[in-house]
Amino acid sequence: MEKERVFVVVIGADQKGIIARISTLLFENGANIEDVQQKVMDGTFVMTMLADVSGAKVGLAGLRKALEECGAAMGLTVMVHNEAVIKAMHRV
Amino acid sequence: MTIGLEEVFETSGMILFNHFDIRAVTLGVNLKDLAHPDHLRLAEACRQRLSDWGGRLVREAGEVSQALGIPIVNKRISITPAAWLIEPCPEPRAAVVLAQALDAAAASAGIDFIGGFGALVQKSATAADRRLMESLPQALATTSRLCGFLNLASTSAGINMDAIARLGHILKDMAGASENALACAKFVAFANAPEDNPFMAGAFHGAGEGDCALNVGISGPGVVRAVVERHPDCDLTMLSEIIRRTVFKITRAGEMVGRELAKRLGVEFGVVDISLAPTTAVGDSVGRILVAMGLEQVGAPGTTAALALLIDAVKRGGAMASGHVGGLSGTFIPVSEDLAMIEAVESGALNLEKLEAMTAVCSVGLDMFAVPGDTPAHALAGLIADELAIGVANHKTTGVRVIPAPGKQAGDSVDFGGLLGRAPVMRLNTFSGEKFITRGGRLPAPVLALKN
């Protein structure tokens with residue numbers, strides 16, 4: 001199956017269990033994590049996970065909703081960006 | 001090259017904090033083949049076709065927004081100019097019946113606005129064009145999602161002063177026929193109207209278009225404002241560079257949305273309109289960009305130059321990002337829809353004369369501004385003629401969307417709510433140009449039109 005990759009972006013206050021919870025959710029939904037980056041920027045915790053979601057059981061819309069709810073439970077903002085869009089915007 | 005965390009986060013921030021979205025996906029639909037002498041049959045055929053396309057557009061736009069992770073705010077349809085559709089209809093009420101059928105189609109499909117209820121009369125008008133013009137007050141006052149336009153001038157045809165003089169009276173009727181003159185907010189008078197503009201009120205599907213085309217209007221005043229505010233001290237050469245780079249990014253996203261949506265709908269991808277379109281949301285303001293550049297208020301000396309810099313930088317970034325930039329592709333400066341513009345008018349920093357000067361470097365013209373309700377028809381016509389002359393002489397699109405606010409005087413304001421915002425009533429020069437307007441005729445095309 002052709003890859004469909006997304007960036008999962010997590011923004012908010014650093015706390016225990018962020019990577020564990022997000023990655024567990026991705027795993028349980030059949031997504032494969034290919035890269036993780038994290039950094040504190042201007043006092044805000046920012047993490048991106050590059051994940052292949054072509055095998056996602058609930059589809060991208062369902063996965064986005066689950067991730068947003070998971071983030072909200074920890075007081076975090078979670079966004080999901082299509083990798084192709086990010087590449088088009090940031091590479092000539 | 002790997003995408004860095006900062007780059008991904010920059011995109012998140014545009015959407016989360018700076019109102020970046022796709023403002024409009026507008027599907028142009030040809031209706032020429034449905035023209036028929038029986039106006040009821042014409043109206044029903046149009047309603048059916050647009051309900052079908054509208055439903056598909058709304059559904060697919062929702063899916064593309066999910067797949068690409070970019071909000072799409074408005075789903076719209078533009079149609080063949082309605083005057084062409086009623087050419088074979090002798091029935092005087094044909095235009096109003098058609099207008100109501102178009103509005104019904106938009107409502108049933110969940111389409112925000114449907115544009116194209118208009119005519120191209122830059123040189124002269126057919127009988128059907130005149131019937132459509134006269135129907136505008138009733139058509140726009142009895143519908144909620146329909147938008148109208150007239151193209152009254154072009155660089156190659158000149159300016160149709162007979163039609164402009166008549167429009168002054170029609171605008172008065174439109175204002176009187178609807179609460180708060182709302183019908184006037186859904187109508188624009190153009191010079192050099194583009195045939196692929198995705199933005200309302202002036203969208204229509206022109207003569208050179210195919211059966212369908214998907215056009216996209218991006219929106220990024222908030223994104224550009226944020227980046228300008230982050231660079232308070234750089235010189236203007238660098239500021240242009242910074243804006244150009246930012247507009248490149250948002251245009252690329254718009255182009256991706258447009259191409260994907262067109263593919264799913266099975267129609268041609270038309271253009272990306274790179275216009276910066278403000279909303280009434282705090283910060284999503286073109287006026288705030290000008291203030292961030294260093295003006296105390298919009299209207300201060302330097303405003304026209306600042307706007308010229310802004311739109312040039314927008315075009316540079318947009319043209320690099322997309323091979324099909326079209327539509328209006330300028331900077332919108334609607335008074336009622338931009339909080340910084342409202343502030344500038346209310347503080348006295350911005351008057352109508354300066355606003356007109358700004359439109360000489362900004363494609364869209366005098367937009368969403370109110371004048372006193374007792375403004376005579378000839379003064380409205382004169383205002384429109386002046387603005388369209390700027391477009392004709394400069395080989396560019398200009399438009400006028402004016403609200404003669406019933407019962408209001410300069411200093412009052414008229415509140416439309418929602419996207420249309422609140423318009424402070426501006427003072428209009430009260431010296432008369434009536435004799436000039438009532439002469440009628442056609443201003444010849446400028447010599448610069450003779451290029452062959």
Side-chain angles (χ1 to χ4, degrees), chain A residues 2-12 14 18-19 22 31 33-54 56 58-68 71-72 75-92, chain B residues 1-18 20-22 59-72 216 218 220 223 226-227 230 244-261 263 272 316-323:
Chain A
E2 202 175 319
K3 283 190 176 184
E4 184 185 0
R5 300 202 297 193
V6 298
F7 283 102
V8 178
V9 188
V10 180
I11 305 160
D14 195 10
I18 296 179
I19 294 183
I22 299 286
I33 299 167
E34 299 188 0
D35 186 37
V36 180
Q37 298 179 62
Q38 68 174 66
K39 196 173 182 180
V40 175
M41 295 170 72
D42 300 328
T44 303
F45 172 82
V46 181
M47 179 186 77
T48 63
M49 280 184 174
L50 179 62
D52 175 13
V53 296
S54 50
V58 289
L60 187 52
L63 188 58
R64 175 180 279 115
K65 187 163 180 286
L67 285 163
E68 286 171 355
L76 302 166
T77 301
V78 178
M79 299 189 76
V80 181
H81 300 301
N82 186 303
E83 186 200 29
V85 172
I86 300 291
K87 275 192 170 165
M89 290 176 74
H90 296 277
R91 295 288 178 273
V92 176
Chain B
M1 201 160 62
T2 328
I3 299 283
L5 176 142
E6 287 84 356
E7 292 170 308
V8 182
F9 180 59
E10 183 187 355
T11 304
S12 304
M14 286 179 178
I15 296 170
L16 272 181
F17 311 123
N18 298 317
F20 172 55
D21 52 45
I22 303 302
R59 197 166 52 247
E60 295 292 350
E63 292 191 4
V64 168
S65 179
Q66 275 293 338
L68 299 185
I70 301 172
I72 298 175
V216 174
I218 58 166
V223 177
V227 79
R230 279 201 297 277
R244 180 171 71 85
R245 286 174 178 273
T246 302
V247 172
F248 172 84
K249 292 171 190 168
I250 59 181
T251 307
R252 292 276 274 203
E255 165 126 342
M256 277 202 77
V257 167
R259 289 197 181 279
E260 181 63 24
L261 185 52
K263 191 170 88 182
V272 181
R316 286 170 188 276
M320 177 71 181
S322 169

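The sequence lines fix the lettering, A, B, ..., with proteins before strands; numbering per chain opens at 1.
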Can you pull the salt bridge (Lys or Arg N to Asp or Glu O under 4.0 Å) pairs that have at least one residue in residues 63-72 of chain B, sequence neighbours excluded?
E63(B)-R264(B)
Answer with side chain, backbone, both or neither: which region of E260(B) has an atom nearer than 4.5 Å to a non-hydrogen atom of chain A?
neither
Any side-chain heavy-atom pair from H81(A) and V6(A) closer than 4.5 angstrom?
no
Residue V92(A) versus chain B: region with a heavy atom under 4.5 Å
both
Going by heavy atoms in the side chains, are V80(A) and L63(A) under 4.5 Å from each other?
no
Which bit of I11(A) is near chain B, if near means a heavy-atom gap under 4.5 Å: side chain, backbone, both or neither?
side chain
Highest number of heavy-atom pairs under 4.5 Å with chain B: which of V46(A), L60(A), V9(A)?
V46(A)
Among residues at least two apart in sequence or on other chains, which ones pass side chain to side chain donor-acceptor pair (under 3.5 Å) with K263(B)?
none
